[in-house]
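Reckoned from all heavy atoms, side chains included, excluding hydrogens, waters and symmetry mates. In the text below, chain A, chain B and the rest are named by the order of the sequence lines, each starting its count at 1.
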Number of protein chains: 2
Amino acid sequence: MTATLTKYHRLRNDVIRHLYYNKMLTLTDLSKLTHKSLPLVTGIVNDLVQDGYVVEHGLAPSTGGRRALTFLLNKEKQKFIVAVSVDQLITTVVIYDMLNNIQVEPAKIYLNLADEQTSMALFISFITGYIAKSGISEEQILGIGIGMPGVINAKLGVNHTFFKIKNEGNLKNYLSDALKFPVYIDNDSSLIALAELKFGEGRNMKDVMVVNIGWGIGLGMIINGDIFRGHSGYAGEFSHIPLSQSNKLCSCGKRGCLEVDTSLLVLVERAKAEIAAGISSRLEQLFLDDSKLPGEHFLIAARDGDPLAVSILSDAAFLIGKGLSTLIHILNPELIVLGGRGATAGKIFMAPIQHAINEFCIPRLADHTKISVSASAERSELLGAAILVVENCQFN
Amino acid sequence: MTATLTKYHRLRNDVIRHLYYNKMLTLTDLSKLTHKSLPLVTGIVNDLVQDGYVVEHGLAPSTGGRRALTFLLNKEKQKFIVAVSVDQLITTVVIYDMLNNIQVEPAKIYLNLADEQTSMALFISFITGYIAKSGISEEQILGIGIGMPGVINAKLGVNHTFFKIKNEGNLKNYLSDALKFPVYIDNDSSLIALAELKFGEGRNMKDVMVVNIGWGIGLGMIINGDIFRGHSGYAGEFSHIPLSQSNKLCSCGKRGCLEVDTSLLVLVERAKAEIAAGISSRLEQLFLDDSKLPGEHFLIAARDGDPLAVSILSDAAFLIGKGLSTLIHILNPELIVLGGRGATAGKIFMAPIQHAINEFCIPRLADHTKISVSASAERSELLGAAILVVENCQFN
DNA sequence: CACTACTTTTTAAATTATTTTTTAAGTATA
DNA sequence: TATACTTAAAAAATAATTTAAAAAGTAGTG
């Protein structure tokens with residue numbers, strides 16, 4: 001009895017998930033998406049309508065024959081998702097509903113991940129406080145999804161790099177206990193890729209690479225329609241393949257890594273050096289303003305066309321393009337998306353990256369991979385964190 | 001009726017395939033492997049025993065409870081597979097039975113793929129003649145599997161690079177008509193990888209890279225337990241990522257490609273140049289013997305420890321190792337296998353490749369990828385071609 | 001060495017899911 | 001407006017899976 005119950009519930013959850021991704025679906029659509037028969041799906045959807053989770057929404061446009069009924073998630077009986085993005089310096093939290101609308105305005109805190117001791121306690125009180133202030137009742141919250149840097153085993157819920165728990169402890173369980181909600185964690189770049197796959201440029205594609213341009217450079221890989229992590233979770237160490245002629249030593253102990261020349265922190269350093277050397281730039285003023293991090297100022301200046309910022313960013317973009325060429329040769333992806341905080345500088349990246357790809361790629365290969373800038377760079381890690389919850393939680 | 005028949009037959013074929021890969025299995029094993037229930041699998045296996053395809057083979061060793069019956073493919077009621085490997089210069093054919101035994105000794109013909117006109121006719125008559133001479137009856141042959149270089153869409157049966165058929169024609173269909181048997185084609189490197197995955201070093205692994213060291217350098221990729229081809233079939237263009245400082249122009253139009261410094265044809269040229277410059281080597285004699293290609297002589301000399309051949313091969317291996325480092329960073333595979341014709345030179349490759357990986361890889365990553373030399377390098381493309389047939393043919 | 005407790009396989013019965021068929025609803029065309 | 005052609009939904013028939021029970025071994029114990 002319990003086994004059939006869980007199987008029934010698994011399909012029920014699956015139906016809800018497909019409605020979450022696709023907004024409006026017919027029974028035939030759902031049958032195809034879940035690979036289950038129509039009578040079975042019909043039964044499940046009828047139950048969901050009865051329970052108030054799903055509502056009928058009129059007839060689908062004609063496709064030649066009898067018009068089908070469409071179904072939506074019910075706005076009135078809502079569940080909510082807490083989505084958190086943690087990076088080296090800034091932690092952001094937001095609450096979404098199941099229609100991807102922001103339910104509670106995002107909140108931000110400056111939190112240096114390197115301070116292991118203080119940051120964990122601060123993090124927990126920040127999130128707890130935010131949820132409490134939101135006024136949403138406990139039963140309505142499906143869970144908390146957290147994207148963070150580091151080598152992460154999402155299934156086990158372990159982060160091998162940051163927020164380490166004593167004696168091989170499980171971060172996911174630790175946080176679930178502390179926050180009193182189901183917690184799901186995953187790597188930031190993987191979540192950005194997930195967001196692009198489900199709601200962004202990569203919809204309905206199978207092989208998509210998402211470059212996470214942040215304080216460092218990350219790579220989220222979608223292969224065969226799923227997040228790819230490699231054999232031991234280290235896949236996508238894109239920023240440490242030897243590329244540049246640069247002699248600077250990387251934190252990984254090697255020279256010529258992409259990271260050394262393209263991370264936002266490095267670009268800021270370079271801008272400061274240029275300014276110190278006498279180059280004039282709006283940045284000189286902006287850097288004095290402490291309300292934002294220098295990296296944030298840098299991106300704003302670049303977006304606004306400041307020549308120094310644009311020039312530094314272009315050099316970095318060319319190197320990233322060289323790295324992408326290697327990626328294209330090996331994986332022949334359908335799409336490469338430039339995402340992450342840095343992608344808010346948008347189009348500035350495109351020209352030098354294309355330039356590099358033209359120079360380093362076999363044309364036949366370059367022609368088969370589209371490059372684009374994420375349309376929702378700032379939001380996509382949070383969105384990915386929300387998807388993480390929807391993918392893993394239970395709807396009862 | 002027909003639909004249930006095909007579904008029944010699909011599972012029947014699946015059972016035969018699993019017995020092909022695993023030799024001996026219990027009903028429980030088969031149920032798990034096919035993801036079908038025990039009663040269903042039991043029924044199918046009983047039918048197969050009745051039809052003579054499968055035979056009982058005593059009890060499995062004890063695992064604590066009642067001992068299970070084991071089943072094997074029936075040696076008496078055999079089907080055979082024609083496996084063909086085509087490379088730029090040499091074409092080989094062999095006939096296997098379903099237990100991976102060679103049924104008819106392999107035959108070899110020198111066939112230059114570049115001569116589009118003559119090679120196709122020669123190829124067809126060579127294969128037809130071989131099958132005729134084998135004396136095996138038509139009904140017993142399941143099909144012909146062919147591995148060849150080029151960008152190949154295995155599903156459609158099109159080779160975009162070699163053996164081109166007029167007006168976008170379908171090579172698979174063309175050859176099926178000409179040879180009067182079902183023909184299946186795939187890329188040589190992918191088939192080598194398939195052989196390693198199913199019968200070689202990569203058994204039960206999910207992420208395996210197989211380097212095909214032949215006249216050129218190819219890469220067969222196994223990702224998530226399946227051959228990976230990328231979005232448009234170009235994945236694994238490993239040999240044209242920019243790596244070496246070399247200034248030689250590659251056929252692809254760029255400089256610094258792996259291919260320029262590591263293909264067997266190039267290594268032979270280099271050996272000849274060294275000999276011309278006065279270096280003494282056994283190769284000088286061997287190259288005079290026309291019964292084998294210079295590349296074949298070169299490999300034999302290297303295997304036998306000729307200093308010149310070993311030194312040239314080591315230089316090439318170091319570069320391949322540098323390329324593999326990139327692969328490890330991006331894909332974090334469980335295993336990298338050195339395969340293909342060149343791998344017959346075996347252990348000579350290992351030291352310089354390890355050296356390169358130590359130099360160019362983050363240790364944490366290098367530690368998680370095993371490197372090994374294929375144990376059956378010369379046979380694996382043929383074996384892969386046989387697997388291709390088993391994967392795609394119908395057993396009735 | 002027989003007896004008991006525990007495993008695992010095999011068979012059989014009951015439940016659940018999928019296909020197939022039928023009926024209903026809508027569209028396009030003459 | 002009538003007819004042929006689609007597609008969707010509901011009902012009946014067929015097939016597959018789960019669950020339970022029986023059978024066949026294994027291993028420990030007095």
Side-chain angles (χ1 to χ4, degrees), chain A residues 1-19 22-51 53-72 396, chain B residues 1-19 22-51 53-72 396:
Chain A
M1 191 65 193
T2 44
T4 49
L5 206 73
T6 63
K7 195 162 180 180
Y8 172 84
H9 269 87
R10 194 156 33 218
L11 183 51
R12 209 177 136 103
N13 289 343
D14 236 39
V15 166
I16 294 176
R17 273 177 208 122
H18 284 296
L19 285 169
N22 298 96
K23 311 285 183 226
M24 187 192 294
L25 290 170
T26 68
L27 294 173
T28 316
D29 295 337
L30 279 167
S31 170
K32 278 178 190 152
L33 288 167
T34 56
H35 303 286
K36 292 285 155 185
S37 67
L38 256 169
L40 186 60
V41 169
T42 305
I44 298 241
V45 170
N46 286 341
D47 290 357
L48 285 170
V49 170
Q50 205 128 61
D51 297 354
Y53 273 96
V54 169
V55 287
E56 249 183 65
H57 187 254
L59 297 170
S62 167
T63 53
R66 175 173 172 176
R67 292 168 63 191
L69 279 171
T70 59
F71 295 88
L72 299 179
N396 328 295
Chain B
M1 190 63 194
T2 44
T4 50
L5 205 74
T6 62
K7 196 162 179 179
Y8 172 85
H9 268 87
R10 194 157 32 219
L11 183 50
R12 211 177 135 105
N13 288 343
D14 236 37
V15 166
I16 294 177
R17 274 179 208 120
H18 284 297
L19 286 169
N22 298 96
K23 311 285 183 229
M24 187 192 294
L25 290 170
T26 69
L27 292 174
T28 315
D29 295 337
L30 279 167
S31 170
K32 277 178 191 153
L33 288 167
T34 57
H35 302 285
K36 292 285 154 185
S37 69
L38 255 170
L40 185 59
V41 168
T42 306
I44 298 240
V45 171
N46 286 340
D47 290 356
L48 284 170
V49 170
Q50 203 128 61
D51 297 354
Y53 272 97
V54 169
V55 287
E56 248 182 67
H57 186 253
L59 297 171
S62 167
T63 54
R66 175 172 173 176
R67 292 171 62 191
L69 278 171
T70 59
F71 295 88
L72 299 179
N396 327 296

Practice prompt. Only counting residues at least two apart or in another chain, list the ones meeting side-chain hydrogen bond (donor to acceptor under 3.5 Å, both in side chains) with Asp47(A).
Written response: Tyr8(A)
Worksheet item: Of all residues at least two apart in sequence or in a different chain, which pass the salt bridge (charged side-chain N to carboxylate O under 4.0 Å, His left out) check with Asp14(B)?
Response: Arg17(B)
Fill in: DNA chain C contacts made by residues 22-33 of chain B, counting heavy atoms under 4.0 Å
Leu27(B), Thr28(B)
Worksheet item: With Arg12(B), which residues qualify under salt bridge (charged side-chain N to carboxylate O under 4.0 Å, His left out), at least two apart?
Response: Asp51(B)
Worksheet item: Between atom CG in Leu59(A) and atom P in dT6(D), what is the gap in whole Å?
Response: 21 Å
Fill in: Spatial distance of atom CG (Leu40(B)) from atom OG1 (Thr34(B)) [nearest 0.5 Å]
7.5 Å
Counting only pairs under 3.5 Å, give me each side-chain donor-acceptor contact of residues 25-33 of chain B, with atom names and distances, residues two or more places apart or in other chains.
{"from": "Thr26(B)", "atom 1": "OG1", "to": "Thr28(B)", "atom 2": "N", "distance (Å)": "3.4"}
{"from": "Thr26(B)", "atom 1": "OG1", "to": "Asp29(B)", "atom 2": "N", "distance (Å)": "3.1"}
{"from": "Thr26(B)", "atom 1": "OG1", "to": "Asp29(B)", "atom 2": "OD1", "distance (Å)": "3.4"}
{"from": "Thr26(B)", "atom 1": "OG1", "to": "Asp29(B)", "atom 2": "OD2", "distance (Å)": "3.1"}
{"from": "Asp29(B)", "atom 1": "OD2", "to": "Thr26(B)", "atom 2": "N", "distance (Å)": "3.0"}
{"from": "Ser31(B)", "atom 1": "OG", "to": "Lys36(B)", "atom 2": "O", "distance (Å)": "2.5"}

Item to complete: Specify the separation, in whole Å, of atom CG of Leu11(B) and atom P of dA15(D).
Response: 14 Å
Worksheet item: OH of Tyr8(B) versus P of dA15(D): gap in Å, rounded?
Response: 12 Å
Worksheet, complete the sentence: Whole-Å distance, Glu56(A) CD to dA9(D) C1', equals 12 Å
Item to complete: Name every residue in residues 35-44 of chain A that has at least one heavy atom under 4.0 Å from any atom of DNA chain C, in order of residue number, or write none if there are no such residues.
Response: Lys36(A), Ser37(A), Pro39(A), Leu40(A)
Discussion item. So, taking the atom named NE2 in His57(A) and the one named CG in Leu69(A), what distance separates them when rounded to the nearest 0.5 Å?
Written reply: 11.5 Å
Worksheet item: In Å and rounded to the nearest 0.5 Å, what is the CG to CZ distance from Asn22(B) to Phe71(B)?
Response: 15.0 Å
Item to complete: Kindly compute the distance separating NE2 (His9(A)) from CD1 (Ile16(A)), expressed to the nearest 0.5 Å.
Response: 9.0 Å
